[in-house]
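Here the structure comes first, spelled out in structure tokens, and everything after it is commentary.
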Amino acid sequence: MRAADNQSTDSAPGGGFSGTAQVPVISISGLSKTYQGGFQALKSVDLEIRKGEIFALLGPNGAGKTTMISIVCGIVTPSTGKVIADGHDIQRDYRAARTKIGLVPQELHTDQFERVIDTVNFSRGLFGKPRNPAYVEKILRDLTLWEKRNNKIMELSGGMKRRVMIAKALSHEPDILFLDEPTAGVDVELRRDMWALVHQLRTSGVTIILTTHYIEEAEEMADRVGVINKGELILVEEKATLMKKLGRKTLTLNLAEPMTAIPDGLSDWKLTIKADGNELEYEFDANAERTGVPSLLRRTSDLGIAFKDLNTRQSSLEEIFVGLVSDRKGEK
Amino acid sequence: MGFNARGVWAIYKFELHRFRRTLLTGLLTPVITTSLYFIVFGSAIGSRMTEIGGVPYGAFIVPGLIMLSMFTESIFNASFGIYMPKWSGTIYELLSAPISAFETVLAYVGAAATKSMIVGLVILVTANFFVDLQILHPFWTAAFFVLIATTFCLFGFIIGIWAKSFEQLQVIPMLIIMPLTFLGGAFYSIDMLPAAWRTVTLFNPIVYLISGFRWSFYGKGDVSVEISMAATLGFFGLCLAVIWWIFRTGYRLKS
Ligand SMILES: Nc1ncnc2c1ncn2[C@@H]1O[C@H](COP(=O)(O)OP(=O)(O)OP(=O)(O)O)[C@@H](O)[C@H]1O
Ligand SMILES: [Mg+2]
């Protein structure tokens with residue numbers, strides 16, 4: 001049945017990335033956070049981010065993504081645990097650690113009355129870097145903000161404000177960039193631009209950790225994916241491996257003659273009738289010892305069910321992710 | 001990097017830039033207020049109260065007037081300076097920057113103190129149009145001037161961190177500082193009060209600050225200048241200690 005697959009399952013996972021750089025640029029160990037009031041937002045998280053990778057942190061609302069990022073960036077104090085960023089303890093050696101890190105927070109927080117160029121220069125100075133008009137110009141041009149450099153931030157649109165925040169985060173040339181939902185409320189075109197920018201940054205050696213609710217974003221960009229739910233990191237995986245390992249596949253048979261009910265002889269398989277009876281769909285686990293596909297095909301021919309075409313489709317990260325989180329809910 | 005001087009400078013410049021946006025009202029207000037005080041107190045009341053301890057009444061109130069404005073300005077500027085980023089959320093950047101607590105305070109308080117000293121000087125110059133001023137001990141004047149501006153900015157900084165709303169931001173200046181200032185001998189000498197009230201007044205720390213500052217002008221104060229300076233330094237030290245505690249515990253800055 002391999003030949004029928006439109007997506008071969010044994011192509012190399014992780015693209016060219018895995019194996020090249022395994023040095024952790026951030027290592028988080030035993031990190032937990034209990035907010036005042038007693039809510040535990042993070043439960044002993046261990047995670048290593050590799051140098052130069054794009055890491056996508058996924059999870060439902062309130063999972064603890066922002067909490068984790070805020071701790072690494074020094075905005076929230078951890079209750080327990082330790083974070084080493086580029087070899088520096090984020091608490092003991094905060095100056096060295098923070099110099100390496102840039103943050104684009106989830107919420108749009110800007111100084112409304114300031115000009116774009118001033119606010120970016122301010123950020124650079126705040127991080128202790130000498131003025132560098134050429135570099136600032138480059139960032140603003142990359143983010144198509146150069147034309148707006150003399151505008152006050154209050155005169156910009158929401159998407160432009162978000163780009164100003166990215167410019168601020170990049171102003172001190174960080175090696176590690178946190179993007180907390182960079183594309184929330186951003187139109188499709190701009191989102192594509194953002195993806196391109198992230199790839200460009202990665203090429204220049206920046207490690208990127210992003211959170212997103214758009215799974216296609218993680219699918220498009222990430223090298224690895226982490227899923228966090230209710231403060232627990234429930235999974236960290238190479239994106240490709242994850243999709244291969246957890247991916248469910250669907251086999252679709254385009255029937256020669258429509259059927260109204262599933263014949264008794266096929267009741268051993270979990271089948272659904274689709275497209276007004278013109279299609280028969282079978283969902284299976286691609287990694288299972290027995291997928292049930294060959295036997296299904298044999299049985300259909302025994303039963304004289306003819307089909308014009310067949311194809312298989314692998315489930316998206318979104319489907320995987322929803323499956324994971326709801327499994328967990330079931331456990332509790 | 002032992003000291004993030006560029007970071008301090010960036011904040012300092014940012015804050016002064018914020019002040020510059022409201023420069024006209026910021027400087028016109030004290031000029032008008034001072035002029036009004038001279039019309040009301042200097043001319044109307046002063047005509048019946050010619051001298052206090054040998055100093056013409058109009059001149060007598062000048063040091064108190066400067067202090068009055070500097071208390072208000074310092075607290076207002078410094079508390080706003082740190083409250084605004086908290087309120088707007090832009091404080092995330094400050095918290096994620098490689099800048100120490102000391103550097104942060106230096107930048108914010110330095111900027112606020114700069115502005116309130118400018119206001120103080122504007123009042124001094126304005127007053128000079130109305131009355132003949134003399135400064136007998138300029139070194140002490142400068143010392144009190146800088147120290148008191150800084151101390152009240154530190155105090156304002158603490159209020160800005162403590163405040164959770166714009167209302168809380170106003171409440172301490174309005175309910176505590178204003179009354180204490182008016183009862184602090186800005187417009188009269190405490191010798192003019194009945195003995196019992198004089199004793200009560202001595203519990204008002206503002207009395208010592210105004211007295212010391214006035215002494216540096218005319219060589220006469222309600223208490224000795226050493227005591228005034230000690231009180232000023234004591235208040236300064238207290239504010240520093242509270243700020244040190246705030247940053248050590250992350251009080252109301254980090255969750
Ligand atoms: N300052 C705070 N004080 C108390 N609880 C907080 C605080 N910040 C966050 N929380 C709680 O911690 C939990 C995790 O919040 P967090 O912002 O980290 O979630 P998230 O994964 O980023 O969610 P989202 O996808 O909605 O951004 C939530 O239940 C939230 O209510
Ligand atoms: Mg979040």
Side-chain angles (χ1 to χ4, degrees), chain A residues 33-37 39 41 66-67 69-79 88 90-91 93-115 118-131 152-153 165 168-169 171-172 174 178 180, chain B residues 1-26 80-108 110-111 161 164 245-255:
Chain A
K33 174 66 188 178
T34 307
Y35 281 108
Q36 273 166 3
F39 183 81
T66 301
T67 301
I69 290 178
S70 301
I71 292 175
V72 179
C73 294
I75 296 163
V76 168
T77 39
S79 302
H88 308 285
I90 58 148
Q91 285 183 297
D93 205 1
Y94 69 93
R95 268 192 217 271
R98 291 183 194 173
T99 308
K100 304 282 182 176
I101 298 175
L103 164 69
V104 182
Q106 183 170 3
E107 310 280 340
L108 282 175
H109 300 304
T110 50
D111 288 302
Q112 297 284 326
F113 298 104
E114 296 297 321
R115 294 188 312 158
D118 293 337
T119 197
V120 176
N121 281 326
F122 167 79
S123 299
R124 191 176 163 86
L126 187 63
F127 278 73
K129 288 272 157 76
R131 285 178 65 84
K152 285 188 180 147
I153 295 176
M165 302 202 46
K168 280 164 80 69
S171 67
H172 64 280
F178 284 92
D180 200 351
Chain B
M1 185 173 43
F3 182 82
N4 185 355
R6 288 196 188 94
V8 173
W9 181 237
I11 297 174
Y12 185 83
K13 252 185 4 187
F14 177 92
E15 284 293 289
L16 286 190
H17 188 237
R18 195 168 61 82
F19 298 148
R20 217 174 302 144
R21 276 200 299 268
T22 53
L23 189 67
L24 198 64
T25 42
F80 239 70
I82 191 68
Y83 182 76
M84 281 309 283
K86 269 195 350 173
W87 177 77
S88 72
T90 52
I91 196 155
Y92 85 86
E93 197 175 22
L94 190 65
L95 295 177
S96 67
I99 190 159
S100 70
F102 173 72
E103 289 153 3
T104 308
V105 174
L106 188 67
Y108 276 102
I161 285 180
K164 281 184 173 167
W245 174 82
I246 284 175
F247 277 100
R248 205 180 56 103
T249 58
Y251 171 78
R252 287 205 184 174
L253 274 177
K254 296 190 184 193
S255 41

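Per chain, numbering begins at 1; letters A, B, ... match sequence-line order.
Listed here is the closest heavy atom pair of A10(B) and G125(A): CB-C, 3.9 Å. Residues S100(B) and R95(A) come closest through the heavy atom pair CB-NH2, 3.5 Å.
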Inset, instruction - Go through D111(A) and F14(B) one step at a time and tell me if the side chain to side chain contact (heavy atoms under 4.5 Å, CB included) criterion holds. - result: CA-CA 10 Å; D111(A) 288 302; F14(B) 177 92; 3.6 Å; yes
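For K129(A), the part sitting under 4.5 Å from any heavy atom of chain B is the backbone (N, CA, C, O) and nothing else. For T110(A), the part lying under 4.5 angstrom from a heavy atom of chain B is the backbone only. Both the backbone and the side chain of S123(A) come within contact range of chain B, with heavy atoms under 4.5 Å apart. At a 4.5 Å heavy-atom cutoff, the contact between L94(B) and chain A is made by backbone and side-chain atoms alike.
The structure places CD of Q112(A) at 9.5 Å from CE of M84(B), a figure rounded to the nearest 0.5 Å. Note that OG of S96(B) and CD1 of I75(A) are 5.0 Å apart. Values are rounded to the nearest 0.5 Å.
At least one donor-acceptor pair closer than 3.5 Å links the side chain of N4(B) to the backbone N or O of L126(A). Judged purely by atom type and a 3.5 angstrom limit, R6(B) has no side-chain atom pairing as donor or acceptor with the backbone of R124(A).
Listed by chain and number, the residues in a side chain to side chain donor-acceptor pair (under 3.5 Å) with Y92(B) amount to none (sequence neighbours excluded).
Ranked by non-hydrogen atom pairs under 4.5 Å with chain B, the options Y35(A), F122(A), F113(A) are led by F122(A).
For the salt bridge (Lys or Arg N to Asp or Glu O under 4.0 Å) with E114(A), the qualifying choice from R18(B), R20(B), R21(B) is R21(B), the only one to do so.
Of the N and O atoms on the side chains of E93(B) and H109(A), not one donor lies less than 3.5 Å from an acceptor on the other residue.
Contact of the P98(B) side chain with the Y94(A) side chain is not registered, since no non-hydrogen atoms from C-beta on lie closer than 4.5 Å.
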